[in-house]
Amino acid sequence: MTSFARALARDPLQRAWEDVWANDQEDGVLQPSIKRFAGEASERLDALAAVLADGTYEPGVLTEVGVPKPDGGTRVLHVPTVVDRVVERAVLRAVAGLVDPLLSPGAFAYRPGLGVRDAVQRVVQLREEGFAWVVRTDVDECFPTVDVARALRLFALVVPDEHLNALIGRLLARPVLALDGRREAPGGLPQGGPLSPLLANVALDGLDSALIDAGFPVVRYADDLVIACRSEAAGRHALEVARTWLEGVGMSLGEDKTEVMSFEEGFCFLGEDFGPRYPPSLPEDPDQPDRQVLYVARQGARVRLGGGRVLVESADKAELLSVPESTVDRVVCFGSVGFSAGAREWALGSQVPVIFLSRKGSYQGQLLGADSRKRAGRLRAQLALPPDHALVLARELLRGKLVKQGVLLRHFTRDDNADRVAPATAEIGSYCAMLDAATSPEELMGLEGAAARSYFGAWEALLPPDLAFTGRNRQPPLDVVNAALGYAYAVLLGECTAALVTAGLEPAVGCLHTDARGQPALALDLMEEFRPTIVDQVVVQLARAKALRPEHGASTPGKPGVLLTKAGKAAVMDGYERRMVTSVKALPEFAGSWRRHLYRQAQRLAAAIAGDLDAYTGLSWR
């Protein structure tokens with residue numbers, strides 16, 4: 001089914017109408033047009049679905065409305081008809097999950113799960129990192145000056161559906177009924193339409209990228225910007241980068257609102273007054289899991305049950321840990337860890353996965369309960385998956401990884417490493433653009449390998465020199481960073497395997513990876529986009545914060561490679577677990593911890609394999 005058909009069928013139109021109704025209710029006053037539509041909503045939605053399907057739908061006229069601003073001015077909106085709002089909202093529901101993952105990590109407005117608080121905290125994080133200066137500016141007359149044709153071209157690259165793009169083009173060509181009663185030709189994006197914010201983000205994504213690639217972290221909320229700089233001179237340079245990019249697309253900065261200033265002097269952004277210490281840095285919003293993950297790494301330890309509690313004892317029977325069995329979500333055992341018969345029976349009966357890793361962190365296997373609900377049908381669909389459908393899924397799984405590799409590099413691009421990191425980001429982007437032309441899993445894996453070389457080749461510029469990271473290596477890892485990556489990847493692979501079994505899939509049968517190495521191929525597929533999002537992010541942050549140091553790696557005499565010390569393992573697992581319970585909204589209409597998103601992606605992959613999901617898409621990571 002095409003994006004057009006998916007967006008504008010009868011059921012999606014019903015959900016879109018419910019969005020429009022709920023949105024109009026927010027201020028407690030329903031517009032008369034909304035009341036009229038509600039009185040015959042079912043019949044009007046039936047008719048709307050019919051004219052959209054046969055191509056005879058014609059958008060209405062935009063109505064110009066003046067809304068008083070807090071500063072005493074007037075904000076001009078161009079409000080669509082109720083029918084057009086329903087159509088736009090249906091389109092937005094269908095395409096947001098395709099577009100949002102590709103937007104810059106500097107954009108905070110009009111994105112699911114992000115808001116003013118997130119933008120404010122990002123500015124605080126940059127201040128705490130040592131950026132003492134900012135450029136405060138905005139885009140002058142942003143929506144009216146957006147080049148609509150350019151925005152549509154960029155949108156079509158992400159959603160190449162000619163029918164859908166033609167419809168959006170007609171919506172953007174609607175005339176405007178001005179306040180004085182005259183009909184006017186449209187100009188730019190109409191402020192007031194549900195699709196305009198998304199298209200504005202698409203149009204300004206290049207501005208974010210130009211600043212980030214020049215080494216200037218940016219926080220953009222719609223057309224309002226803070227650009228972080230290390231000095232006043234750097235601020236003037238950043239300002240020139242922004243001005244040059246905007247002029248290249250026919251837009252300009254609001255010069256009367258543009259200034260280079262310091263945190264010491266103070267400035268206002270999104271209604272918040274920033275200074276050298278205020279607002280404070282707030283902790284990440286953790287999801288509150290009902291149960292916890294139990295990591296057991298003490299060699300010779302034994303896990304057993306006693307009195308309704310899970311007990312971990314040392315080799316000499318000393319009690320190391322005691323927790324209620326009802327609070328344990330999964331158990332991860334590293335190396336020589338015993339697991340009693342009673343504990344095994346409890347884990348299998350309670351559907352608590354038990355993951356076994358080697359002492360070095362290599363994945364060995366796991367205990368999983370025999371819950372067969374829905375599994376047989378999904379296994380049949382998985383084994384009968386046509387090669388062309390498997391290739392589509394493989395492409396999207398890999399696209400998720402490459403996009404997130406670019407996001408990670410942009411998160412850490414600064415003025416002192418931009419000359420080395422920005423080219424790698426561009427190379428990954430070029431490989432990502434080549435995915436659609438790949439005709440086999442082997443070609444996809446070739447692109448993955450090329451992207452990985454660019455990606456990890458840039459890491460040396462992100463990490464402290466004393467960590468001696470010169471590239472990705474494994475079996476054995478040759479430095480503490482590679483040891484940390486391998487250790488955490490093994491834990492993540494176990495979680496991906498458990499998530500797939502829970503979703504009714506066979507982890508060994510992959511779309512992108514093969515079972516040639518004896519590894520769970522589909523779990524490796526699912527893990528791809530979570531590698532940079534979870535493990536790589538944690539390792540880079542730990543390294544930059546000096547929480548992962550050279551002394552956290554140890555060599556064994558007579559053996560090559562580096563292993564993590566006990567303190568190194570603890571630091572990595574602590575960072576990993578904090579990351580996994582961080583609350584996000586990385587999928588439309590779904591919020592929760594990264595761990596819940598992992599299980600959700602496994603469920604979506606199962607639905608895509610069974611043909612119940614029109615398109616599998618990656619997560620949004622900002």
Side-chain angles (χ1 to χ4, degrees), residues 97-98 101-102 157-158 160 362-363 378-406 427-457 472-475 485-486 489-490 492-497 499-501 503-536 598 601-619:
L98 302 173
L102 305 180
L157 293 175
V158 181
S362 299
Y363 177 77
R378 287 180 173 176
L379 280 174
R380 283 192 289 269
Q382 184 180 356
L383 294 172
L385 189 66
D388 57 342
H389 190 180
L391 183 64
V392 169
L393 290 175
R395 186 180 290 126
E396 294 311 312
L397 289 161
L398 187 53
R399 193 188 314 276
K401 178 181 185 177
L402 267 59
V403 166
K404 289 165 183 61
Q405 286 179 334
E427 288 171 6
I428 293 169
S430 68
Y431 295 130
C432 195
M434 296 166 66
L435 293 176
D436 289 331
T439 58
S440 69
E442 291 74 21
E443 288 185 27
L444 289 173
M445 292 304 290
L447 291 171
E448 188 276 339
R453 285 189 291 274
S454 297
Y455 176 63
F456 286 112
R472 181 78 177 107
N473 52 67
R474 59 189 77 82
Q475 297 178 349
L485 289 172
Y489 285 155
L492 180 59
L493 180 60
E495 294 213 44
C496 289
T497 304
L500 290 170
V501 172
L505 294 174
E506 170 51 60
V509 182
C511 299
L512 179 63
H513 294 83
T514 70
D515 57 3
R517 292 186 298 161
Q519 291 273 49
L522 192 64
L524 291 171
D525 292 352
L526 178 64
M527 186 169 76
E528 290 292 23
E529 73 169 333
F530 290 94
R531 288 177 184 261
T533 311
I534 304 299
V535 175
D536 299 359
L598 170 62
Q601 283 296 74
Q603 293 166 359
R604 295 179 76 240
L605 183 57
I609 288 173
D612 299 330
L613 184 70
D614 294 321
Y616 180 87
T617 57
L619 302 170

Shortest non-hydrogen contact from [X] to [Y]?
{"X": "D536", "Y": "P532", "value": "OD2-CA, 3.4 Å"}
{"X": "A499", "Y": "A602", "value": "O-CB, 3.6 Å"}
{"X": "L493", "Y": "A523", "value": "CD1-CB, 3.6 Å"}
{"X": "C511", "Y": "L385", "value": "SG-CD2, 4.0 Å"}
{"X": "A521", "Y": "T514", "value": "CB-O, 3.5 Å"}
{"X": "P101", "Y": "G618", "value": "CG-O, 3.8 Å"}

May I ask you to decide if [Y]'s main-chain N or O and [X]'s side chain share a donor-acceptor pair within less than 3.5 Å?
{"X": "H513", "Y": "P520", "answer": "no"}
{"X": "E529", "Y": "L619", "answer": "yes"}
{"X": "R395", "Y": "A438", "answer": "yes"}
{"X": "Q601", "Y": "T617", "answer": "yes"}

- Item | Test item: L492 and C496 side chains (from C-beta on) under 4.5 Å apart, heavy atoms | yes

Residues forming a side-chain hydrogen bond (donor to acceptor under 3.5 Å, both in side chains) with [X], sequence neighbours excluded:
{"X": "Q603", "value": "none"}
{"X": "N473", "value": "N482"}
{"X": "E442", "value": "S440"}

- Pairwise distance CE(M527) to CD1(I534) - rounded to 0.5 angstrom: 12.0 Å

- Would you give the length of the straight line joining atom OH of Y455 to atom CD of Q405, rounded to the nearest 0.5 angstrom? 5.5 Å

I'd like a table of donor-acceptor pairs (distance under 3.5 Å, sequence neighbours excluded) in which one partner is a side-chain atom from residues 427-437, with atom names and distances.
residue : atom : partner : partner atom : Å
E427    : OE1  : S454    : OG           : 2.5
S430    : OG   : E427    : O            : 2.6
D436    : OD1  : R399    : NH2          : 2.7

- Candidate pair L500 and L605, rule side chain to side chain contact (heavy atoms under 4.5 Å, CB included), full reasoning: CA-CA 9 Å; L500 290 170; L605 183 57; 4.2 Å; yes

- Query: Could you go step by step and tell me if K404 and F530 meet the side chain to side chain contact (heavy atoms under 4.5 Å, CB included) rule?
  - Reply: CA-CA 8 Å; K404 289 165 183 61; F530 290 94; over 6 Å; no

- Residues in ring pair (Phe, Tyr, Trp, His ring centres under 6.0 Å) with F456, at least two apart? W459

- Task: Could you give me the CA-CA distance, side-chain angles and deciding distance for R531 and L524, then say whether side chain to side chain contact (heavy atoms under 4.5 Å, CB included) is met?
- Result: CA-CA 10 Å; R531 288 177 184 261; L524 291 171; 4.0 Å; yes

- Between V509, T497, L505, which is the residue that forms a side-chain contact (heavy atoms from CB on, under 4.5 Å) with L522? L505

- Item | Which residues share a salt bridge (charged side-chain N to carboxylate O under 4.0 Å, His left out) with K401, sequence neighbours left out | E448, E528

